[in-house]
Amino acid sequence: MLRISTKRAEPWCDKTMSVLKERQLEACQERLTRCPAKGIFDDVAEDEAIALYQFSFYAQESRRGFPGLDAMRRQVKRAVEREACFLTPREDGLVKRMLMNGGKAPLDDWDDISAAEALVSRLWCSLIVESEESAILQLSDALMGKLMQAMLSSDYTKIREKIFHFDATMHSMLYLIGFLHAEAPVQHFIQYLKAESIYRSGDEAYVARFQRAGFDYIQSREGDMLLLHPGLADPEHLLTGLSMAGTTQVHVTREMMMGGMNSMLPEETASARAMRGAIHGSVRPELDEDEALEDLRMMAKQGAGLAEMRQVLESMLCVLPTPRMISALNQLHLQTVRWIGMPSAVLN
């Protein structure tokens, strides 16, 4: 989903990975509350149909205005069986839950909100908000049969298998680098479809939607979509630094790719384990220890100073930091591999 911008001057406590994720999901939730409660296949007024269109991927991808309700319905119906092959894992899971439950699925997992927004943006679903704490995603009756048929096709099985690896590869590259130009992965995936003789005209748009639905992203000044690691707090600063530094070659080994898929490189394991052990039992009750560790590691990957990391560590604890914690933090700061363009470890 489109990244909510952060201010570079903000203290690190306000732009750690867990805070960025929470902001993203809160913004997603706020957008959904402004979307009409009806779907495109319901009995909607013209202004509601236009609002749905403006919320959709179709509006993001086209410079044309609203094509009209009947034309929009035909376009969605034509696309749905093929588009179903290119859903993110969370979208795919939500659709299957709705198909098994009469077209409805309660949103009881905070992380499902972004997938729900993507399905509404595809014009497949509507959101029924029952209260501040309860919402139900509803799949249009007009699409249920088509989706069931799509999931029984051989293309669906082949593409879903490749989507799994594609998703893992992009997450790995984002862990290693911090950002990706979206176009190259799309073309790589399209070449696979062509090699397997399962490519269809228009698949590029569905792969791009997969990226919008499954990853944080921004639009560059040139209009390119850039995928972001969810912990990258200041992408504009990183991109400015890289443009000034010129072209940088990155040699990625199999071991690095595997480490990226696990969200931890082999050389980072010992310091992360030591930090985890040092803070165990001392993190504030409302915080998760694994998220706290991840926040510190993502700070290190972006070249945050040791003093800044200590400040964030102290904000996470319900006790004063111990000498063991400070020693572990020093090692984490030194041994975490930086993203390209980020400053090397310097004790300060």
Asker: Are F164 and L193 connected in a single hydrophobic cluster, I mean Ile/Leu/Val/Met/Phe/Trp/Tyr linked by side-chain heavy atoms less than 4.5 Å apart?
Answerer: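 Different clusters.
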Asker: Just by distance, with hydrogens left out, do Q191 and Q187 show a side-chain donor and acceptor under 3.5 Å apart?
Answerer: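 Checked: Q191/Q187 side chains show no N/O donor-acceptor pair below 3.5 Å.
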Asker: Taking all atoms of both residues into account, what is the closest heavy-atom pair of D42 and R73, and its distance?
Answerer: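 Taking D42 first and R73 second, the nearest heavy atoms are O-NH2, 2.8 Å.
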Asker: Is the shortest distance from a Lys or Arg side-chain nitrogen in E268 or R276 to a carboxylate oxygen in the other one below 4.0 Å?
Answerer: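 Between R276 and E268 there is no salt bridge, as every charged N stays at least 4.0 Å from the carboxylate O atoms.
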Asker: Run the salt-bridge test on R74 and D70 with the 4.0 Å N-O cut-off and return the result as yes or no.
Answerer: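 Salt bridge between R74 and D70, a charged N being under 4.0 Å from a carboxylate O: no.
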Asker: Apply the test side chain to side chain contact (heavy atoms under 4.5 Å, CB included) to residues I136 and L127: give CA-CA distance (whole Å), side-chain angles for both, the deciding distance (0.1 Å), then the verdict.
Answerer: CA-CA 6 Å; I136 295 175; L127 189 69; over 6 Å; no
Asker: Find out if a path of hydrophobic residues (ILVMFWY) with successive side-chain heavy-atom gaps under 4.5 Å connects L119 to F57.
Answerer: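 No, L119 and F57 fall in different hydrophobic clusters.
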Asker: Could you check whether any side-chain heavy atom of K104 comes within less than 4.5 Å of a side-chain heavy atom of L139, counting everything from C-beta outward?
Answerer: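 Not in contact.
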Asker: So, do I279 and M316 sit near enough that their side-chain heavy atoms are less than 4.5 Å apart?
Answerer: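 Result no, sub-4.5 Å side-chain heavy-atom pair not found.
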Asker: Taking ring pair (Phe, Tyr, Trp, His ring centres under 6.0 Å) as the test, write out the residues that go with F166, two or more places apart.
Answerer: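 For F166, the residues satisfying ring pair (Phe, Tyr, Trp, His ring centres under 6.0 Å) (neighbours in sequence not counted) are F189, F210.
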Asker: Keeping H188 on the side-chain end and A184 on the backbone end, is there a donor-acceptor pair under 3.5 Å?
Answerer: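 It does not hold such a pair.
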Asker: Could you pull out the closest heavy-atom pair between A79 and Y58, with the gap in Å?
Answerer: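 Nearest pair, atom of A79 first, then Y58: CB-OH, 3.9 Å.
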Asker: Can you establish whether the number of heavy atoms outside L320 located under 6.0 Å from its atom CG is more than 12?
Answerer: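 No.
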Asker: How long is the span from the CD atom in E30 to the CD atom in E26, to the nearest 0.5 Å?
Answerer: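 That separation rounds to 10.5 Å.
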Asker: With a 4.0 Å cut-off on N to O distance, would you call E291 and K21 a salt bridge?
Answerer: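 No, no charged N to carboxylate O under 4.0 Å.
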Asker: Can you establish whether the number of heavy atoms outside Q311 located under 6.0 Å from its atom CD is more than 12?
Answerer: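 Counting other residues, nucleotides and ligands, CD of Q311 stays at 12 neighbours or fewer.
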Asker: If you define the side chain from C-beta out and look only at heavy atoms, does anything of W12 sit under 4.5 Å from D295?
Answerer: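 No - every pair of side-chain heavy atoms lies 4.5 Å or more apart.
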Asker: What's the separation between atom OG1 in T157 and atom CE in M151, rounded to the nearest 0.5 Å?
Answerer: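 Rounded to the nearest 0.5 Å, the OG1-CE separation comes to 10.5 Å.
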Asker: Between E161 and Y156, is there a side-chain donor-acceptor contact under 3.5 Å, judged purely by atom types and distance?
Answerer: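 Not at all, the side chains of Y156 and E161 share no donor-acceptor pair under 3.5 Å.
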Asker: Please tell me whether Y199 and I159 are part of a single hydrophobic cluster in this structure, the criterion being side-chain heavy atoms less than 4.5 Å apart.
Answerer: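 Yes: a chain of side-chain contacts under 4.5 Å links Y199 to I159.
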Asker: To check you understand the geometry: which heavy-atom pair defines the closest contact between V44 and A49, and what is its length?
Answerer: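 Answer, listing the atom of V44 first, then A49: CG2-CB, 4.1 Å.
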Asker: F41, L52: one ILVMFWY side-chain cluster at the under-4.5 Å cut-off?
Answerer: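 Yes; tracing contacts between hydrophobic side chains, which count when under 4.5 Å, links both residues.
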Asker: Compare all side-chain heavy atoms of Q211 with those of M225 and state whether any distance is below 4.5 angstrom.
Answerer: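 Yes - at least one pair of side-chain heavy atoms lies under 4.5 Å apart.
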Asker: Just checking, is any N or O donor in the side chain of T88 or E91 under 3.5 Å from an acceptor N or O on the other one?
Answerer: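 The answer is yes; a qualifying pair exists.
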Asker: Would you call L123 and Q75 a side-chain contact if the rule is heavy atoms closer than 4.5 Å?
Answerer: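 Not touching, per the 4.5 Å side-chain cut-off.
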Asker: Can you name the residues that form a salt bridge (Lys or Arg N to Asp or Glu O under 4.0 Å) with R90, not counting sequence neighbours?
Answerer: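 R90 satisfies salt bridge (Lys or Arg N to Asp or Glu O under 4.0 Å) with D109, D111, D112 once adjacent residues are dropped.
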Asker: Quick one: pull up CD in Q335 and OG in S271 and give me the separation to the nearest 0.5 Å.
Answerer: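 Here the interatomic distance stands at 4.5 Å.
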Asker: Compare all side-chain heavy atoms of L332 with those of M309 and state whether any distance is below 4.5 angstrom.
Answerer: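 Touching, per the 4.5 Å side-chain cut-off.
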Asker: Between E81 and K146, does at least one N-O distance fall below 4.0 Å, as a salt bridge requires?
Answerer: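 Here E81 pairs with K146 in a salt bridge, since their nearest N and O are under 4.0 Å apart.
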Asker: Using modelled atom types and a 3.5 Å cut-off, is there a donor and acceptor pairing between side-chain atoms of E308 and backbone atoms of G305?
Answerer: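 Present.
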Asker: Quick one: does W339's side chain have a donor or acceptor within less than 3.5 Å of a partner on G303's backbone?
Answerer: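 Pair absent, no side-chain N/O of W339 close to backbone of G303.
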Asker: Are L228 and V19 grouped together when hydrophobic residues (ILVMFWY) are joined by side-chain heavy atoms under 4.5 angstrom apart?
Answerer: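 No, no single cluster joins them.
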Asker: Test your reading of the model: is there a side-chain donor-acceptor pair from T269 to the backbone of L265, 3.5 Å cut-off?
Answerer: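 Pair found, side chain donor or acceptor close to backbone of L265.
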Asker: Do H229 and F215 have ring centroids that are under 6.0 Å from one another?
Answerer: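 That pair fails the under 6.0 Å test.
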Asker: Is the backbone N or O of R200 less than 3.5 Å from a side-chain atom of D203, with the two atoms forming a donor-acceptor pair by type?
Answerer: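 The answer is yes, because a donor-acceptor pair under 3.5 Å joins these two groups.
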Asker: Stepwise, does the side chain to side chain contact (heavy atoms under 4.5 Å, CB included) test hold for M264 with T336?
Answerer: CA-CA 9 Å; M264 190 176 298; T336 301; over 6 Å; no
Asker: Between the main-chain N or O of A51 and the side-chain N or O of Q54, is there a donor-acceptor pair closer than 3.5 Å?
Answerer: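 Not at all, since once roles are kept as given, no pair shorter than 3.5 Å links the two residues.
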Asker: Within this structure, what is the CE-CG distance for the pair M258 and N262, rounded to the nearest 0.5 Å?
Answerer: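 The CE atom of M258 sits 6.0 Å away from the CG atom of N262.
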Asker: Is the side chain of S56 donor-acceptor paired with the backbone N or O of R122 at a distance under 3.5 Å, no angle test?
Answerer: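 A pair under 3.5 Å: no.
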Asker: Is the shortest heavy-atom distance from the side chain of P235 to the side chain of L226 under 4.5 Å?
Answerer: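 A side-chain contact under 4.5 Å is absent here.
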Asker: Write down the atom of E204, the atom of V186, and the distance for their closest heavy-atom approach.
Answerer: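 Looking at all heavy atoms of both residues, the closest pair is O-CG1, 4.1 Å.
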Asker: Whether the side chain of H333 engages the backbone of A304 through a donor-acceptor N/O pair (distance < 3.5 Å, no angle test) should be reported.
Answerer: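 Answer holds: yes.
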Asker: Side chain to side chain contact (heavy atoms under 4.5 Å, CB included) between E46 and F66: does it pass, once the steps are laid out?
Answerer: CA-CA 10 Å; E46 183 75 6; F66 179 56; 3.8 Å; yes
Asker: Provide the closest heavy-atom pair for E117 versus C28 in the form atom of the first, atom of the second, distance.
Answerer: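 So the two residues come closest at OE1-SG, 3.1 Å.
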Asker: Can you see which heavy atom on V283 is nearest to which on C318, and at what distance?
Answerer: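 Taking every non-hydrogen atom into account, O-SG, 4.0 Å.
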Asker: Judged by atom type as modelled, is there a donor-acceptor pair below 3.5 Å linking the side chain of E289 to the main-chain atoms of G281?
Answerer: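 Yes; at least one donor-acceptor contact below 3.5 Å.
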Asker: So, taking the atom named CG in L287 and the one named OG in S282, what distance separates them when rounded to the nearest 0.5 Å?
Answerer: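 L287 CG to S282 OG: 12.5 Å, rounded to 0.5 Å.
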Asker: Show the numbers, then the answer: is there a salt bridge (charged side-chain N to carboxylate O under 4.0 Å, His left out) between K38 and D43?
Answerer: CA-CA 8 Å; K38 295 180 180 180; D43 182 16; 5.5 Å; no
Asker: Can you tell me how far NZ of K301 sits from CZ of R338, rounded to the nearest 0.5 angstrom?
Answerer: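 These two atoms lie 8.5 Å from each other.
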Asker: Can you confirm whether K96 is buried at NZ, in the sense that more than 12 heavy atoms of other residues, nucleotides or ligands lie under 6.0 Å from that atom?
Answerer: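 Count over threshold, so yes.
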Asker: Quick one, V120 and L32 - any side-chain contact, counting heavy atoms below 4.5 Å?
Answerer: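 The answer is yes; the side chains approach within 4.5 Å.
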Asker: Determine whether Q219 and D224 satisfy the following criterion, side chain to side chain contact (heavy atoms under 4.5 Å, CB included), listing intermediate values before the conclusion.
Answerer: CA-CA 6 Å; Q219 298 289 149; D224 299 328; 5.9 Å; no
Asker: Can K158 and E196 be counted as an ion pair, charged N to O under 4.0 angstrom?
Answerer: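 So K158 does not pair with E196 through a salt bridge.
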Asker: Is the backbone N or O of S315 less than 3.5 Å from a side-chain atom of R284, with the two atoms forming a donor-acceptor pair by type?
Answerer: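 Judged by distance alone, yes, a pair lies under 3.5 Å.
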